[in-house]
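Predicted model, so just to flag it, every value in this text is computed and none were measured. All values below were derived from every heavy atom in this structure, side-chain atoms included, with hydrogens, water molecules and symmetry-related copies excluded.
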Amino acid sequence: MRLFGTLLLTIALSLVSGVSISPTTAYGENSKNARTFPPLLNCQESKSRIDSMLDLHFYYNEMNDELSQRTIKKIFENLDQNKVFFIKQDIEYFENNEKNISKKMKLNNCDFLFEIHKIFTKRVHERMQRVKLILTKELDFNKTDYINIAKQGWPISSEEANEKIKKRIKLQFLSTKQSDENENKVRERLLKNFVRLERKFYELDNDKLYSIFLNSFALAMDPHSAHMLPTDHDSFVIHISNKLEGIGAQLQEKDGYIIVRAIIPGGVAQKDGRLKEKDKIIAVDSGNGQGLRDLIDTDVDQAVHLIRGKKGSPLKLIVLRKNGNTNEKLSIVLTRDEIDLKEDEVKTEIYQSNNGKIGIIKIPTFYTDLKCKTKIFSQCKGVSYDVERGIRKLAEEGINGLLIDLRNNGGGDFPESVKLTGLFIPNGTAVQTVDKTGTIKRLSIDESNWIYKGPLVILINRYSASASEIFVGAMQDYGRGIIVGDKSTYGKATVQIVQEIPGTLGRRTDGAIKVTQSKFYRPAGTSNQKQGVLSNIVIPSILESYDIGEEQLDFALPTDVILPAKGFKPLQDLSFLINRIKFLSQDRINRSKKFQDYLAKINKIKLEKNKLFPITKDYYKIIEEQENPRELNEENLYNIKSLIDENDLQFMEALNITMDSIKLSGNQNFWVGMSSK
């Protein structure tokens, strides 16, 4: 069995898969635009990686018939995520004939994978013939077509699949057509996009195909295990470290071009000032001696791979910029640097209320400094370090209460959640874990870290997950804070370990595996798995209209309970205070016209969840909203100037609840004052 390197990264992590940290097919090293390396994966290597995952996994230790069938299911879903190419009989054939693929793999036989891909390319060709036929004629909007946005199964026949893709074409036409754009140009643009998609499927190399297989196997065990190709692993390290080495530009692929979607604050591109949002990067010289590489019709992940690079290394970009009615071509040379991802850092602000000053802390993710962790006796920065610094700063300003916003925080570094808990309680167990042997470990708090003892409100939503749930669960168990927001958090109570695979044949790394190694439990012994942490006070949110959470994912591990941690005892009973504040909050919501209009919108979405929508210009926005319920506008991700948004009804009501907690607790023994050491 192949050995895995653990020096750089063998840390327990808790990340929610709904907040994706990296694409599953992002490896560009065999592409026309990347340095050529020998193939990374084959059948034998795939078996070795599967064996390693099974050695580590919390529940599974062998690839049985059930895992084989789940894996086959996931291969089909990963290849055809919208279920428009394959038909039902394709899946049924392999489910019936490949009941134990591990037996074949022992004989170094992975033919089943290439047979599935062969059928996939055949179905893609069939569907693309239909697409080309549709887009060479005017689209008929006189006949009303309907689309179901609910979770759908596989088409029963090729005719049904063709009808499904025709509806998607009409939907894309309506959703992308500019008001002054000629219909023929729209159809031409859509056709080019489909041709690019077809070519991408045909050019799927062996490394990507085997990685899809390995990811499918990982997902067959549970929703949070994964296989990472080298650039996937790079993206993972960037996410968990909150740092990258590059120029600081967020890219997207549109109509065959690589577009600058946003310039990251504090990055090389922003400091230089020449690269702008909406610029098209048409070629790049990575500085590796291979000269300029064309980026037109290149996958965005391949473009990112070429543009990222070591601190201090040169990068040349050829850029097209719209200047009136013409396109201006620019050559921009930059030097890569290490960039802190400011948008994901802890942010603080003060809100002046009638009841005093409220400190606000926004925690977008549980990041940590991975490089620092490899050094002995180093004080490493991370989310807990930044929160502690933020609390001390807020305490100097004389805050009377604290509101922590954990909405959309999908987790991150497991130890950071424990350190964060220690800032708010004096001692005791922050979280308990159970591994595959049944061994229970209790992670305790260092009393010297306790710096905040005042009124505390924590705002959560359905996307608050994993490490967020460790912190929130502990605060609720100890009676240390009031949890408000959506009815519950996401419901992920599993811990993953990431192991890097040492590089071979000139590669810096051969990727990594992320495997669910344990489950975590609250200090009281209960589990957040599937059910999440329940809010003490619910504040309505549009996310409650959607099917979001661990229980919605295939093959999620079950929930259970263990005994409370030894010596566990709540610090205080907040139930009386919570009941009084809940009444006041509900009264405000009932009297607020804005909230009542918001509730009407929520109820409308609930009623429309299983509705057939007519594909018209009036309905495509509703369908898009149903498929992407996040309320955060990603276009403005780097332009948030204040944590306080009066149009954010949930946040403003959380502020009101914090004011209530300050006022009603008064001199009563709900809080033990505030400390600023």
Side-chain angles (χ1 to χ4, degrees), residues 73 75-92 119-179 181-202 252-256 545-548 552 554 604-630:
K73 175 180 183 290
I75 292 173
F76 279 97
E77 290 179 355
N78 284 330
L79 283 170
D80 184 7
Q81 294 180 12
N82 292 315
K83 296 186 177 179
V84 294
F85 297 115
F86 288 119
I87 58 177
K88 193 173 182 180
Q89 71 182 47
D90 298 333
I91 289 86
E92 289 177 343
I119 292 175
F120 179 57
T121 54
K122 176 186 174 185
R123 298 303 186 199
V124 168
H125 178 73
E126 291 173 0
R127 241 43 88 226
M128 289 306 170
Q129 293 300 107
R130 179 65 174 170
V131 166
K132 291 168 186 175
L133 182 63
I134 292 169
L135 288 172
T136 53
K137 303 176 183 178
E138 288 189 9
L139 297 175
D140 181 12
F141 288 100
N142 293 320
K143 176 190 173 185
T144 303
D145 286 306
Y146 292 85
I147 189 166
N148 189 341
I149 60 173
K151 191 174 182 180
Q152 298 183 43
W154 297 101
I156 295 175
S157 63
S158 291
E159 290 74 20
E160 184 180 327
N162 286 337
E163 183 66 18
K164 194 173 181 180
I165 207 164
K166 183 195 80 171
K167 292 178 179 180
R168 295 192 74 87
I169 289 171
K170 292 179 75 171
L171 185 63
Q172 287 181 32
F173 180 94
L174 292 171
S175 62
T176 63
K177 183 181 183 299
Q178 304 298 314
S179 57
E181 194 173 13
N182 180 277
E183 182 178 324
N184 291 334
K185 286 188 175 181
V186 182
R187 288 190 285 110
E188 182 181 341
R189 173 164 48 79
L190 289 179
L191 181 58
K192 286 180 179 178
N193 288 340
F194 274 106
V195 169
R196 277 191 288 270
L197 182 65
E198 180 182 24
R199 184 166 62 245
K200 180 179 178 180
F201 287 141
Y202 288 159
Q252 68 179 138
E253 180 187 357
K254 185 177 181 181
D255 298 333
S545 304
Y546 301 95
D547 297 328
I548 300 168
Q552 303 296 329
D554 289 341
K604 182 182 178 183
I605 293 172
K606 286 180 179 178
L607 291 172
E608 290 175 338
K609 274 174 62 175
N610 297 313
K611 180 180 176 181
L612 286 173
F613 284 93
I615 302 176
T616 67
K617 292 181 180 180
D618 297 328
Y619 278 87
Y620 81 84
K621 287 184 179 179
I622 298 174
I623 295 168
E624 283 186 339
E625 185 183 56
Q626 287 274 8
E627 291 184 341
N628 183 24
R630 283 185 182 273

**Q** Nearest 0.5 Å, what's the CG-CD distance between Leu135 and Gln172?
**A**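 That separation rounds to 9.0 Å.
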
**Q** Applying salt bridge (Lys or Arg N to Asp or Glu O under 4.0 Å), name anything that partners Asp255, two or more places apart in sequence or on another chain.
**A**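 Asp255 satisfies salt bridge (Lys or Arg N to Asp or Glu O under 4.0 Å) with no residue once adjacent residues are dropped.
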
**Q** Assess the residue pair Tyr202 and Thr121 against the criterion (side chain to side chain contact (heavy atoms under 4.5 Å, CB included)); give the C-alpha distance rounded to whole Å, side-chain angles, the decisive distance to 0.1 Å, and a yes or no.
**A** CA-CA 7 Å; Tyr202 288 159; Thr121 54; 3.8 Å; yes

**Q** Side chain to side chain contact (heavy atoms under 4.5 Å, CB included) between Phe201 and Leu79: does it pass, once the steps are laid out?
**A** CA-CA 9 Å; Phe201 287 141; Leu79 283 170; over 6 Å; no

**Q** Give, for atom CD1 of Ile75 and atom NZ of Lys73, the distance between the pair rounded to the nearest 0.5 Å.
**A**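 Going from CD1 on Ile75 over to NZ on Lys73, the span is 12.0 Å.
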
**Q** Test your reading of the model: is there a side-chain donor-acceptor pair from Lys83 to the backbone of Gln152, 3.5 Å cut-off?
**A**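 Checking the backbone N and O of Gln152 against the side chain of Lys83, a donor-acceptor pair under 3.5 Å is found.
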
**Q** With sequence neighbours left out, what residues match Asp90 under salt bridge (Lys or Arg N to Asp or Glu O under 4.0 Å)?
**A**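 Scan of Asp90 (salt bridge (Lys or Arg N to Asp or Glu O under 4.0 Å), adjacent residues dropped) gives Arg123.
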
**Q** What pairs with Glu181 under salt bridge (Lys or Arg N to Asp or Glu O under 4.0 Å), at least two apart in sequence or on another chain?
**A**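 Here the qualifying residues are Arg189.
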
**Q** So do the side chains of Glu77 and Trp154 get within less than 4.5 Å of each other, counting heavy atoms only?
**A**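 When only atoms from C-beta onward are counted, Trp154 and Glu77 do touch, with a gap below 4.5 Å.
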
**Q** Under 3.5 Å, is there a donor-acceptor pair between the side chain of Arg127 and the main chain of Ile165?
**A**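 Side chain of Arg127 to backbone of Ile165: no pair is present.
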
**Q** Closest approach of Asn82 and Lys164, non-hydrogen atoms and distance?
**A**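 Smallest interatomic distance, heavy atoms only, reads O-NZ, 3.6 Å.
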
**Q** Would Arg130 and Ile134 satisfy side chain to side chain contact (heavy atoms under 4.5 Å, CB included), going step by step from the backbone distance to the final call?
**A** CA-CA 6 Å; Arg130 179 65 174 170; Ile134 292 169; 3.9 Å; yes

**Q** For Val84, does its backbone N or O pair with a side-chain atom of Asp80 as donor and acceptor, under 3.5 Å?
**A**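 Such a contact is found between Asp80 side chain and Val84 backbone.
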
**Q** Could you give all pairs that pass the salt bridge (charged side-chain N to carboxylate O under 4.0 Å, His left out) test and reach residues 154-163, with sequence neighbours left out?
**A**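 Found Glu163-Lys166.
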
**Q** Out of curiosity, Phe86 CZ to Lys122 NZ, how far, rounded to the nearest 0.5 Å?
**A**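 Separation between the atoms: 11.5 Å.
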
**Q** Of the non-hydrogen atoms in Ser158 and Ile87, which two are nearest, and what is the gap between them?
**A**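 The answer is N-CG2, 3.8 Å.
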
**Q** Does Phe194 have any ring pair (Phe, Tyr, Trp, His ring centres under 6.0 Å) partners at least two apart in sequence or in another chain, and if so, which?
**A**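 Result, ring pair (Phe, Tyr, Trp, His ring centres under 6.0 Å) vs Phe194: none returned.
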
**Q** Name all residues meeting the salt bridge (Lys or Arg N to Asp or Glu O under 4.0 Å) criterion together with Lys132; count only those two or more places apart in sequence or in a different chain, and write none if there are none.
**A**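 Residues passing salt bridge (Lys or Arg N to Asp or Glu O under 4.0 Å) with Lys132: Glu198.
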
**Q** Can you name the nearest heavy-atom pair linking Lys606 to Ser545, along with the distance?
**A**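 Closest approach of Lys606 to Ser545, heavy atoms only: CG-OG, 3.8 Å.
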
**Q** Calculate, to the nearest 0.5 Å, the distance between atoms OG1 and CD belonging to Thr136 and Glu188 respectively.
**A**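 Atom-to-atom, Thr136:OG1 and Glu188:CD are 12.5 Å apart.
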
**Q** Just verifying a value: how many Å separate Lys170 NZ and Leu139 CG, rounded to the nearest 0.5 Å?
**A**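 Rounded to the nearest 0.5 Å, the NZ-CG separation comes to 7.0 Å.
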
**Q** May I ask you to check whether over 12 heavy atoms, not counting those of Leu133, lie within 6.0 Å of atom CG?
**A**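 It does: Leu133 CG has more than 12 such atoms within range.
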
